[in-house]
Protein chains: 2
Amino acid sequence: MAQYLGAKGFAVELRPDGKQGWDTYLKGGFDLLILDVMMPMKDGFTLAREIRQRDERTPIIFLTAKSMKQDTIQGFQSGADDYLTKPFSMEELLLRVSAVLRRAKGVTATKEEAREHLLGRFRFDVRKQVLIIDEQERKLTTKESDLLRLLCEHRNGLLTRNEALQQVWGDDNYFNGRSMDVYIAKLRKYLKDDPAVEVLNVHGKGFRLVARSEDE
Amino acid sequence: MAQYLGAKGFAVELRPDGKQGWDTYLKGGFDLLILDVMMPMKDGFTLAREIRQRDERTPIIFLTAKSMKQDTIQGFQSGADDYLTKPFSMEELLLRVSAVLRRAKGVTATKEEAREHLLGRFRFDVRKQVLIIDEQERKLTTKESDLLRLLCEHRNGLLTRNEALQQVWGDDNYFNGRSMDVYIAKLRKYLKDDPAVEVLNVHGKGFRLVARSEDE
DNA sequence: AACAAGCGTTAAAGAACGTTAAGTCACTAG
DNA sequence: CTAGTGACTTAACGTTCTTTAACGCTTGTT
């Protein structure tokens, strides 16, 4: 499945059990989750319920061998968006994945402008300018929030010093550059509650926000 | 076997026992390992386990005369990707080799850009910019890492002075050239923990990264 | 052999970044 | 009207990364 979806142009991460799946989910940045119901360490339903506690949006598709109605209902109650009963064809998989993604995209685009970023154990609400971890909310200032948003939008990639200064400060002179460094330090202080999330510097270029899964 | 695979276009290195196999493996740069289970000095299972301790990726195929289930299981537990029971035809060998390589390539290509180079006793993680030897991690700067990556990509071949300067510095003027020489010196200092790994100069042309096995 | 160019290496200088603290400004409560 | 508060900037100092300088050695050429 991973290979097939990869060949179809999706960026896929495959994990062998529910526990590792959760760890990898925590690093954030996923558009869709496909969970097997029968998994070692932690079953798919339990995992889905845990995910839905901190994240209502990311779509989930279940893979299930049991075709019994009871289980299906239980699955959708834990917040699934679709499910596939084994055995299924790759074409069917692709169809459902595409459908769910199309639906999800539509929802986030129209429902509200409410962009929200999942970053390790953090949840960053762009509109409300708050950073949440473990039920604990931290209000961000406008500049803190704008800078963090830009970092999130360039997650794993490079946020150019110049781009950040233009977007947030409107001018990239020396002093604004130093000011930004101060804000980077602030964000690092906030984000250090989850060691898996880091803001890295690329000397002479800019900054990189990365979130690695726990086991890396 | 070595001759056959060589004729089929593979670059093969053949070693007479497990100990020499390990030494040669250490010089790095292999896409696939084929291990005989019954070998003098060090058997295939033991060797595979030692290899898997420092390298999860490189595929391993076992050759075994014993067709007993017990041994097969033990083999896969030490991290084998496939196995061949003697006697077997050359066609069958080629089939399995091709299959394993295709699979491995797929994984490394889709999983993430996470390139990693094995260099003698070193492990060089390109994405994380770290050079690891004996559980000891050394963080590299961007320039150090970029230069070492280029050297790895031209392993045993020639990395042109000009290409390196264009790729890492973006301009090949005199001073950048001198700067690169300083970085070559730094890399040599880091790499001297394993005398089998060397950065050689080709006068007037560029540099060559080589890793020879211990006994060469 | 003599010379120039290329390279090896170390040290110093310079630029970029990390962090803390003090300073400025606007806004608000009393 | 003034003291206080919060957001942002500037200053200051330390650290890290990169470049430049300097000097000696090696290689290739005449």
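Counting to the nearest Å, the C1' atom of D/dT16 and the CG atom of A/Asn201 are 10 Å from each other. Atom pair A/Leu165:CG and D/dC8:P shows a separation of 15 Å (rounding to whole Å applied). Between B/Tyr183 atom OH and C/dT9 atom P the separation is 16 Å, expressed in whole Å. Rounded to an integer number of Å, the gap from A/Leu187 CG to C/dT20 P is 14 Å. Rounded to an integer number of Å, the gap from NE2 of B/His203 to P of C/dA5 is 11 Å. Taking atom CE on A/Met180 and atom C1' on C/dT19, their separation rounds to 15 Å, with Å as the unit. The CD1 atom of B/Ile184 sits 14 Å away from the P atom of D/dT18 (whole-angstrom rounding). Rounded to whole angstrom, the span from the CG atom of A/Asp181 across to the P atom of D/dG14 amounts to 18 Å.
Considering only side-chain atoms of A/Arg188, the nucleotide from C/dG18, C/dT9, D/dT9 that sits closest is C/dG18. Across C/dT10, D/dA11, D/dT18, the shortest atom-to-atom separation from the side chain of B/Lys143 is found for D/dT18. Of the candidate nucleotides D/dT10, D/dC8, C/dT10, D/dC8 has the atom nearest to the side chain of A/Thr142.
Contact between the side-chain N/O atoms of A/Trp169 and the OP1/OP2 oxygens of D/dT9 is found at a separation under 4.0 Å. OP1 or OP2 of C/dC17 lies within a sub-4.0 Å distance of a side-chain N or O belonging to A/Arg161. Between B/Thr141 and D/dT18 there is a side-chain polar atom (N or O) within less than 4.0 angstrom of OP1 or OP2. The phosphate of C/dT20 (OP1 or OP2) has a side-chain N or O of A/Lys189 nearer than 4.0 angstrom.
Checking A/Asp43 against A/Thr46 by side-chain atom types alone, a donor-acceptor pair falls below 3.5 Å. Remark: the A/Glu144 side chain and the A/Tyr190 side chain contain an N/O donor-acceptor pair separated by less than 3.5 Å.
Geometrically, B/Lys186 engages B/Tyr183 in a cation-pi contact, judged by NZ or CZ lying under 6.0 Å from the ring centre and within 45° of the ring axis.
On a pure distance criterion of 3.5 Å, a polar donor-acceptor pair joins the side chain of B/Arg178 and the base of C/dG8.
As judged by a 4.0 angstrom heavy-atom cut-off over every strand, A/Lys139 is placed among residues making no nucleic acid contact.
The two residues A/Pro40 and A/Pro16 make their nearest non-hydrogen contact at CD-O, 3.8 Å.
Taking the six-membered ring for Trp and thresholds of 30 and 60 degrees, A/Phe62 and A/Phe45 have ring planes more than 60 degrees apart, a perpendicular arrangement.
Between A/Phe207 and B/Gly206, the residue anchored closer to the 5' end of DNA chain C is B/Gly206, taking for each the nucleotide with the nearest heavy atom.
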